[in-house]
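Here's the structure, in structure tokens; my notes come after.
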Amino acid sequence: MASELDELIGFLTSPSPQVKKAAIDIVRGLTGSEDGLSTLSHHSDTLLGSLSKLLGEKKEISEPAAEALVNLSQNSELAEKMVSIGMVNKAMEILSKHDLGITRLSVMLLVNLTQLATGIISLLQTGDEKVKGLNVVKLVRFFCRSSSETKDDPFEHVGSILVNISRNEAGRKLLLDTERGLLKQILPLFGTISPLRKRGVSGTLRNCCFEAENQLNNLLLLSEFLWPALLLPVAGNKVYSAEDTSKMPLELSSVLSHEREAIDDPDIKIQAAESIYLIALQEAGRRALWSVNGPRILQVGYEDEEDPKVMEAYERIGALLVHGDEAEQPSV
């Protein structure tokens, strides 16, 4: 079987388009099963390089090659090898060329590769000051420009990449850099209809809030976008009274004074609550929360909540606001 597989992988570089197409279709099929992935992993040294080269060919070749790489990258050892041979930069090159045929697959490949510390470092380009952060700037641009109102949004999974890189301290600092203004561009996308985008924005913001102790001012400079992204998910379903909304900024009062579609995703609610908690650990953060009538929003939202884990997240904030105690932080 080994010799047959070696021969199959060799056909990936055949000058004949028909032979190459037949070979890549077989390889793609093998990556769809655990047994196939296991078998191919023993030939990764030649396989991954050959697949990478196929990404630059026509769609009938590049698409199955990209699908195979996405499947293979779910294996952490193979993903590490992909990072080592420059697959992160290869995926970014494809995205920059706007090859819509494999755009979504290239994004998914980056999602998998940035689950690794080495993949994050590669994407951040931390070793080269001249281009440091440029990949992330491009990804944020793609994320913001693509339409989430369509059924096929090839860039909606960029939110997952941003969540991954924001688990890294260097990634958080890049996103919070006021000169680049990346978080300012990302936060308004919480208002889109795409659940994936909402999760991406929420998770990225939650991770960035771990820098609140040192970068609270930078976070609060984004208050116009920050508080809607944090407080609307935990606001519950009720229409708020005029007395309540009179103590809120327009970006909150205009939404909470009318009937609306509530956010039901418990993960987003917990992420929002944890973000608020991290901000409220700082005295200036607590003052900012009070200034937008945040405690009242949390109170009303808590009364509507039924999920025990979400309720627990509310309660942690409540205890902090009442006692001012610095409890243990959630982990990134």
Side-chain angles (χ1 to χ4, degrees), residues 73 76-77 79-96 106-144 155 157-190 197 199-222 225-226 229-230 271-272 274-279 281-282 285 328-332:
S73 65
S76 59
E77 292 185 6
E80 287 281 9
K81 287 187 177 182
M82 290 185 197
V83 173
S84 69
I85 64 172
M87 197 68 75
V88 169
N89 288 334
K90 184 70 174 181
M92 286 302 306
E93 287 176 14
I94 294 169
L95 293 179
S96 298
S106 299
V107 171
M108 291 304 302
L109 180 59
L110 286 173
V111 171
N112 291 344
L113 297 182
T114 53
Q115 291 183 33
L116 304 172
T118 52
I120 294 173
I121 291 170
S122 179
L123 184 67
L124 293 175
Q125 303 161 294
T126 55
D128 189 341
E129 288 297 325
K130 293 182 180 179
V131 296
K132 184 178 178 179
L134 184 59
N135 282 338
V136 180
V137 171
K138 290 179 180 179
L139 285 171
V140 170
R141 187 189 311 137
F142 296 148
F143 192 48
C144 295
F155 289 107
H157 285 282
V158 168
S160 298
I161 300 172
L162 298 175
V163 172
N164 289 344
I165 66 170
S166 64
R167 294 192 177 106
N168 177 284
E169 183 180 0
R172 294 193 294 273
K173 289 182 177 179
L174 173 64
L175 292 168
L176 285 162
D177 185 340
T178 54
E179 291 187 8
R180 293 186 187 264
L182 298 179
L183 193 59
K184 184 177 181 179
Q185 297 175 56
I186 294 166
L187 287 180
L189 298 181
F190 187 79
R197 281 172 173 268
R199 280 189 171 222
V201 174
S202 179
T204 300
L205 176 55
R206 181 257 192 191
N207 290 342
C208 285
C209 284
F210 278 90
E211 299 296 325
E213 182 177 0
N214 300 314
Q215 299 215 39
L216 182 62
N217 287 338
N218 287 345
L219 282 165
L220 295 182
L221 283 172
L222 305 174
F225 310 108
L226 176 74
L230 294 183
Q271 288 169 349
E274 289 182 345
S275 299
I276 295 168
Y277 179 85
L278 289 165
I279 289 174
L281 280 173
Q282 315 305 316
E328 182 182 354
Q329 292 193 17
S331 58
V332 179

Compare every heavy atom of [Y] with every heavy atom of [X], then report the nearest pair and how far apart it is.
X	Y	value
Ala212	Ile279	CB-CA, 4.3 Å
Leu116	Ser76	CD1-O, 4.1 Å
Ala229	Ala272	O-CB, 4.4 Å
Phe155	Phe143	O-CD1, 3.4 Å
Ala170	Leu124	CB-CD1, 4.0 Å
Leu95	Ser106	CD2-CB, 3.8 Å

Which pairs would a plain distance check flag for residues 81-88, meaning a side-chain donor or acceptor within less than 3.5 Å of a matching protein atom at least two apart in sequence or in another chain?
| from | atom 1 | to | atom 2 | distance (Å) |
| --- | --- | --- | --- | --- |
| Lys81 | NZ | Ser44 | OG | 2.7 |
| Ser84 | OG | Lys81 | O | 2.6 |

Measure the [atom1]-[atom2] distance between [X] and [Y] for me, rounded to the nearest 0.5 Å.
X	Y	atom1	atom2	answer
Tyr277	Arg206	OH	CZ	12.5 Å
Leu205	Glu274	CG	CD	11.5 Å
Leu110	Lys90	CG	NZ	13.0 Å
Leu109	Ser73	CG	OG	5.0 Å

- By salt bridge (charged side-chain N to carboxylate O under 4.0 Å, His left out) - contacts of Arg199 (at least two apart): Asp265, Asp267
- Message: Has Gln215 got a side-chain atom pairing as donor or acceptor with Lys173's backbone, closer than 3.5 angstrom?
- Response: no
If the condition is side chain to side chain donor-acceptor pair (under 3.5 Å), which residues does [X] pass it with, not counting sequence neighbours?
X	result
Thr114	Asn164
Thr118	Glu80
Thr204	none
Gln115	none

Sub-4.5 Å side-chain heavy-atom contact between [X] and [Y]:
X	Y	answer
Ile161	His157	no
Glu211	Glu169	yes
Leu278	Leu281	yes
Leu123	Met92	yes
Leu139	Ile165	no

What side-chain donor-acceptor pairs closer than 3.5 Å can you find for residues 174-190, not counting sequence neighbours?
| from | atom 1 | to | atom 2 | distance (Å) |
| --- | --- | --- | --- | --- |
| Asp177 | OD1 | Glu179 | N | 2.9 |
| Arg180 | NH2 | Lys132 | O | 2.8 |
| Gln185 | NE2 | Gly181 | O | 3.3 |

